[in-house]
Amino acid sequence: MKPRYLSKPQFAAELEKCLKCPAKPCAQACPVKCSPHDFIAAAQKGDIKQAAALIVAQNPLGEVCGLICPDKFCTRACLRQHIDAPIKIPQVQAEIMRRAREDNLLPPMQNVAPNGKRIAIIGAGPSGIGAAAELIQHGFQVTIFEKNETIGGALNLIPQMRLPREIIEAEWQYLAQNPLVEAYFKTTVADYPTLLQQGFAAVIVAVGAQKSRTLGIEGENLLLDYTEYLQNPAHYATAGNVAIVGGGAAAVDCVLTAKAQGAANVEMFVRRRLSDMRITATERQALLENQVDITTMTRVTRVVKSGNTLTAYTCKTRFNTDGRLEDVPQTEIVRSDFALIILALGATRAQEPTEAENIFYVGDFVGGGSTAVEALASGKQIAQEVAKKLKI
Ligand SMILES: Cc1cc2nc3c(=O)[nH]c(=O)nc-3n(C[C@H](O)[C@H](O)[C@H](O)COP(=O)(O)OP(=O)(O)OC[C@H]3O[C@@H](n4cnc5c(N)ncnc54)[C@H](O)[C@@H]3O)c2cc1C
């Protein structure tokens, strides 16, 4: 798998497909209201500078989103699908942004006069970045506090073969040129109200979903958490068999990574049906191409260590008359010989929000595991509300 940029002929062919629908359904479907209709029109004229400027004006992570946005937003809205296939809009966006970055065509950062108010943003993932990009348009001085040493939050867990880290860094550097933006890394903030006492007019909490979901089974401590795995897959590289528990996008990333790291066989254990897996058509295709075994309607009930390998005890599941999942009695199967079992059920927020004046919550912390563009949109939207509330 490679980052999904387009070759010259592919790019030209995708641009050519645009029907120029007057209602711009693609723009309406975009959570950050980026308009493919308009940036494609600019690119068709060969004006990559203008196309990139239109993207950057709405999305400070335009290239990142081009590389990783799922097909459920603009692509799904593209009316071209009624003729042959929708335009590969995210890929077109990624390609425009790549060309603009490499050819130095990005517009100079617009410097708005400071309004004298400071806003603290906790967390430097997409929602924090979205909030920052919007706030500086209103003249706020933003200070980002990030507990890790890098920008991007959960984007750093996406395999490099889909999202090279230098793209996240390049988009951050573009935003960070603005004198209204400052960031402190390796800085954890636990007490949000204190920041208000320190002179910040508002605090935007953009800390994401930090708590991995668990199974609550015997032997759970033998499983490797997906965030741990995806942060450093080379450390866990194995030529043995790997099992992944979970059937969502994070699980697919673990599967493809384990394959790329040389695992002999990779198998997914999924409690529901294949059709219930919340993955995109592209992810489904990748599972097929990589010949991944998907064991559906199966629950892992316990895990034990046997020498150097792990054994998973599983049972079959079924939907009861209320549509709820239940175990099917006497269906235990013992699966041995796993070098690694990775738990990839996604994450939820680590603590409940504390309501207080001028403290706002955004991104996956509020919405659970979503997408980068939705997290960004949530940050932008709250930033607009903050600007309104503080009468800017
Ligand atoms: C494996 C994986 C694959 C994914 N694939 C895709 C994809 O293909 N397409 C897509 O659109 N989305 C994908 N996503 C989802 C996307 O990455 C998230 O929806 C998005 O990053 C959420 O943004 P956020 O800003 O809300 O939170 P996060 O990105 O989680 O950022 C929160 C930040 O807050 C920091 N933080 C937490 N607590 C504190 C504290 N107390 N003080 C200071 N800093 C703190 C964290 O270190 C982190 O940097 C994927 C996610 C994962 C895990």
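Remember, predicted model here, so these are calculated numbers, not experimental data. In each ligand, atom 1 is the first atom listed, and ligand 1 is the first ligand listed. Sequential numbering from 1 along the given sequence is applied to the chain's residues.
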At the 4.0 Å heavy-atom cut-off, does Pro126 count as touching ligand 1?
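Per 4.0 Å heavy-atom rule, Pro126 contacts ligand 1.
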
message = So, 4.0 Å and heavy atoms of Ile129: is ligand 1 close enough to count as a contact?
response =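 The answer is no: ligand 1 sits nowhere under 4.0 Å from a heavy atom of Ile129.
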
Within a distance under 4.0 Å of any heavy atom of [X], pick out the atoms of ligand 1 and give their elements.
X: Ala372; value: 10 (C), 11 (O), 12 (N), 16 (C), 19 (O)
X: Thr187; value: 42 (N), 43 (C)
X: Ile122; value: 40 (C), 42 (N), 43 (C)
X: Gly363; value: 26 (O)
X: Thr371; value: 10 (C), 11 (O), 12 (N), 19 (O)
X: Asp253; value: 1 (C), 2 (C), 3 (C)
X: Phe145; value: 43 (C), 44 (N)

Tell me whether [X] at atom [atom1] has more than 12 heavy atoms from other residues, nucleotides or ligands lying less than 6.0 Å away.
X: Arg278; atom1: CZ; result: no
X: Asp191; atom1: CG; result: yes
X: Gln330; atom1: CD; result: no

Item checked: Parallel, tilted or perpendicular: rings of Tyr361 and Phe365 (30°, 60°) ->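 Rings of Phe365 and Tyr361: parallel, as their planes differ by under 30°.
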
Between Tyr229 and Tyr236, how do the two ring planes meet: parallel, tilted or perpendicular, split at 30° and 60°?
->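 Ring orientation, 0 to 90° scale: tilted.
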
I need the contact type for [X] against ligand 1. Using non-hydrogen atoms and a strict under-4.0 Å cut-off, is it side chain, backbone, both or neither?
X: Val207; value: both
X: Thr227; value: neither
X: Arg162; value: side chain
X: Ile158; value: side chain
X: Ile68; value: both

Exercise. Which residue from Pro70, Ala209, Gly123, Ala206 reaches closest to atom 32 (C) of ligand 1 through any of its heavy atoms?
Worked result: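 It is Ala206 that holds the nearest heavy atom.
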
Determine, considering heavy atoms only, which of Leu376, Leu157, Asn148 sits nearest to atom 53 (C) of ligand 1.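 Looking at heavy atoms only, the winner is Leu157.
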
- Nearest protein heavy-atom contact for atom 29 (O) of ligand 1: which residue, which atom, what distance?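 Checked against all protein heavy atoms, atom 29 (O) of ligand 1 sits closest to Ala154 N, 2.8 Å.
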
Fill in: Student check: side-chain heavy atoms of Met97 and Ile55 closer than 4.5 Å
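In short, these two side chains touch, coming nearer than 4.5 Å.
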
Between the main-chain N or O of Arg272 and the side-chain N or O of Asp276, is there a donor-acceptor pair closer than 3.5 Å?
->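 Side chain of Asp276 to backbone of Arg272: no pair is present.
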
